[in-house]
Every structure is written in structure tokens, then in C-alpha cells.
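This report refers to the structure that appears directly beneath it.
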Amino acid sequence: MNIFAQTGSVTIDALRETGRMAEFAGRGALAWVLGPFYWRAFFSSLIRIGFTSLPVVGLTAVFTGAALALNIYDGSLRFNAETFLPQILGVSIVRELGPVLAALMVAGRCSSAMAAEIGTMRVTEQIDAMSTLAVDPFKYLIAPRIVATAIALPVLVLVADIIGVYGGYLVAVYGLDFSGPVFIRNLAEFLENRDVVSGLMKAAVFGFLIAVMGCYYGYRSRGGAQGVGAATRTAVVAAAVAILASNYVMTSFLVEF
């Protein structure tokens with residue numbers, strides 16, 4: 001009976017935490033609609049999340065595209081289908097690897113930063129002081145970060161798609177003796193608009209989840225420096241799990257349509 005009691009307790013705690021997180025996300029999104037909106041905080045978050053993440057996202061994409069091209073070529077060579085490398089590479093990066101890998105890199109870089117920053121403000125009572133001065137923390141701290149991440153990540157994913165395909169192009173043309181014009185033509189003829197759009201839709205959802213996880217665990221952190229460290233760690237793990245789980249759900253839905 002203790003096993004059933006413990007299982008029930010864990011399930012109830014998980015559902016309670018999910019409800020709190022959903023309420024937090026809804027309140028953060030509603031703060032954007034109701035206003036006032038702090039544009040300076042928004043643009044500051046947009047630069048820190050979007051522009052400064054370009055190097056790490058670009059490096060991840062180019063090496064992923066290069067390694068993926070080698071693996072696709074090696075696998076398709078067994079079936080004498082190596083000419084399909086551009087098509088498989090393009091679809092793999094645009095629909096799956098580009099959005100997921102870019103989101104994971106941004107989650108590790110930005111979700112932790114959000115949790116640490118907001119968590120420090122929480123344990124040092126800066127958020128309480130903000131509320132005392134009649135400044136809504138959700139409008140000043142949470143909403144700008146959520147909106148900025150949801151906007152910046154699709155742009156980062158689009159850049160990652162281009163760089164990832166280019167990395168595969170370099171390997172295919174200069175390492176595997178593919179024709180450059182033929183590679184580009186096959187890729188352009190095979191890719192469809194819905195492939196790119198589906199990846200960008202995923203990126204927007206991933207950005208929303210990354211910001212919500214970082215802000216939520218930072219906002220609820222307690223216990224000084226140790227609590228901030230725990231919140232930062234939990235935010236990164238939760239964001240990564242949310243990205244992978246939501247990717248499966250959205251892929252299942254998008255494949256049917």
C-alpha cells in the first residue's frame with residue numbers, strides 16, 4: 001500500500017506543479033495583452049536571447065549538417081541511393097534537427113540565465129520591492145522574456161537551417177564529389193513550404209516553453225544561493241524535456257496534415 005500511496009502522491013504533486021506552471025504561463029501571456037508593455041526590457045531580452053545566441057546556434061548547425069551528410073551518404077550507399085542525400089539532408093534539418101538542436105542550445109544558454117537572474121531577484125527581495133512600487137513583475141520581467149524568446153527562436157532556427165544545409169553542402173561537394181548546382185537544384189525541388197513552416201511553428205512553441213521554464217523556476221526559487229542554483233538546474237532540464245515532448249506531439253499532428 002505504501003507503493004500505491006507514494007505513486008499517488010507523486011502523481012498529484014506532478015499535476016499540481018503542471019497546473020501552477022500553466023497558470024504562470026497564462027498570466028505571463030496575459031500581461032503582454034493587457035499592457036503596459038515595457039519595450040526597453042523587450043528589446044534588451046531580444047538582443048540577449050537572439051543576437052548573442054547566433055554563434056553557438058550557427059556552430060551547432062554547421063557541424064550537425066556536415067556530420068548528417070556523411071551519415072546519410074554512408075547509409076544510402078548500401079542501397080545505391082546516395083543521390084538522395086540533398087533531399088534527405090534538407091528535410092531532416094528543416095523539419096527536425098534545426099528546430100530541436102537550436103532550441104536545446106538556447107535552452108541551455110538562456111533558460112538558465114533567466115532562472116538565475118529572476119531567482120537572484122527573488123531571493124534578494126527585489127521582486128517584492130518592485131511590487132511595492134506598483135510595478136507588476138509579470139509585465140516587467142516575465143512577459144518581455146516570453147515574447148522575445150518566442151520571436152527570436154524562429155529567426156535563429158531559420159539561420160540554423162541555412163547554415164546546417166550549407167554544412168552538408170560543403171561535405172557533399174568538396175568531400176563526396178557531388179555537383180554543387182545539382183545539389184542545390186535537388187534540394188530546392190524537393191523541399192516544400194510546409195516543411196519550413198512546420199519547423200518555424202515548432203520553434204515559436206519551443207521559445208515559449210524555454211522562457212516559461214526559465215522564468216517559472218527562477219520566480220519560485222527560495223533558499224538563497226543554493227535555491228537559485230537548484231532553480232537554474234531544474235529550468236534547463238525541464239526546458240529540454242518540454243522541447244522533446246512537445247516536438248513529438250507537434251510532429252504527430254503536423255505529419256497527419
May I ask you to decide if A231's main-chain N or O and T234's side chain share a donor-acceptor pair within less than 3.5 Å? no
Heavy-atom side-chain proximity of D128 to R122 below 4.5 angstrom: yes
Does the pair I127 and L141 meet the rule for a side chain to side chain contact (heavy atoms under 4.5 Å, CB included), with working shown? CA-CA 9 Å; I127 294 180; L141 295 176; 4.0 Å; yes
So CG of D161 and CG of L191: to nearest 0.5 Å the spacing works out to 9.0 Å
Give a yes or no on whether the backbone of A67 and the side-chain of N71 come within a donor-acceptor separation of less than 3.5 Å. yes
Determine, stepwise, if the pair Q6 / S9 fulfils side chain to side chain contact (heavy atoms under 4.5 Å, CB included). CA-CA 5 Å; Q6 292 175 2; S9 177; 5.6 Å; no
Suppose we screen for side-chain hydrogen bond (donor to acceptor under 3.5 Å, both in side chains). Which residues come up paired with D13, at least two apart in sequence or across chains? R16
Which heavy atom of I49 sits nearest to which heavy atom of T149, and what is that distance? CD1-OG1, 3.2 Å
When every non-hydrogen atom of A211 is compared with those of I146, the smallest separation belongs to CB-CA, 3.5 Å
Chi angles and distances behind the side chain to side chain contact (heavy atoms under 4.5 Å, CB included) call for V123, S221: CA-CA 7 Å; V123 298; S221 62; 4.2 Å; yes
Heavy-atom count check: over 12 atoms from other residues, nucleotides or ligands less than 6.0 Å from Y140 OH? no
Find the distance between OH (Y73) and OG1 (T83) and round it off to the nearest 0.5 Å. 10.5 Å
Do you know the tightest heavy-atom contact between T64 and T60? OG1-O, 2.6 Å
Using side-chain heavy atoms (C-beta onward) and a distance below 4.5 Å, is F206 in contact with V100? yes
Who pairs with I88 by side-chain contact (heavy atoms from CB on, under 4.5 Å), at least two apart in sequence or on another chain? I72, F84, S92
Scanning both residues in full, the closest heavy-atom pair of A69 with L176 reads O-CD1, 4.3 Å
Return the OG1 to CD distance between T132 and E125, rounded to the nearest 0.5 Å. 9.5 Å
Within-4.5 Å side-chain heavy-atom neighbours: L70 and D74: no
Parallel, tilted or perpendicular: which one describes the rings of Y166 and Y169, with boundaries at 30° and 60°? parallel
Atom CG in L209, atom CG in L153: separation rounded to 0.5 Å? 10.0 Å
Is there a donor-acceptor pair under 3.5 Å between the side chain of S246 and the backbone N or O of I243? yes
What I want to find out is whether E117 reaches R145 closely enough, with some N-O distance under 4.0 Å, to be called a salt bridge. yes
V171 versus F178: any side-chain heavy-atom pair under 4.5 Å? no
Can you give me the closest heavy-atom contact between L187 and G90, atom names plus distance? CD1-CA, 3.5 Å
Could you check M201 against F253 for side chain to side chain contact (heavy atoms under 4.5 Å, CB included), going step by step and ending with a plain yes or no? CA-CA 12 Å; M201 290 172 58; F253 178 79; over 6 Å; no
Quick check: is L170 connected to I184 through a chain of hydrophobic side chains (ILVMFWY, heavy atoms under 4.5 Å apart)? yes
Is any side-chain heavy atom of I151 less than 4.5 Å from a side-chain heavy atom of F42? yes
For the atom pair OG (S198) and CD (E192), what is the distance rounded to the nearest 0.5 Å? 10.0 Å
Measure from the side-chain N and O atoms of N186 to the backbone N and O of F183, and report whether any donor-acceptor pair falls under 3.5 Å. no
State, with a plain yes or no, whether a side-chain heavy atom of V57 is found less than 4.5 Å away from one of V159. no
I162, V157: one ILVMFWY side-chain cluster at the under-4.5 Å cut-off? no
List the atom of M213, the atom of A242, and the distance in Å for their closest heavy-atom pair. CE-CB, 3.9 Å
Of all pairs that satisfy ring pair (Phe, Tyr, Trp, His ring centres under 6.0 Å), the ones with a partner from residues 108-138, not counting sequence neighbours: F24-F138, F138-Y219
Using the side-chain hydrogen bond (donor to acceptor under 3.5 Å, both in side chains) rule, take S53 and R48 through it: C-alpha gap first, then chi angles, then the decisive distance, then the call. CA-CA 7 Å; S53 297; R48 282 186 292 140; over 6 Å; no
Verify, without hydrogens or angle tests, whether K202 (side chain) and R95 (backbone) share a donor-acceptor contact under 3.5 angstrom. yes
More than 12 heavy atoms of other residues, nucleotides or ligands under 6.0 Å from OH of Y38: is that the case? yes
E17, CD atom: more than 12 neighbouring heavy atoms under 6.0 Å: yes
Could R20 and E23 be called an ion pair, given the rule that one side-chain N must be under 4.0 Å from one carboxylate O? no
Quick check: is V155 connected to F51 through a chain of hydrophobic side chains (ILVMFWY, heavy atoms under 4.5 Å apart)? no
Under 4.5 Å between side-chain heavy atoms, counting indirect links through other Ile/Leu/Val/Met/Phe/Trp/Tyr residues: same cluster for L97 and M250 or not? yes
If two hydrophobic side chains count as joined below 4.5 Å and joins carry through other members, does F208 share a cluster with V106? yes
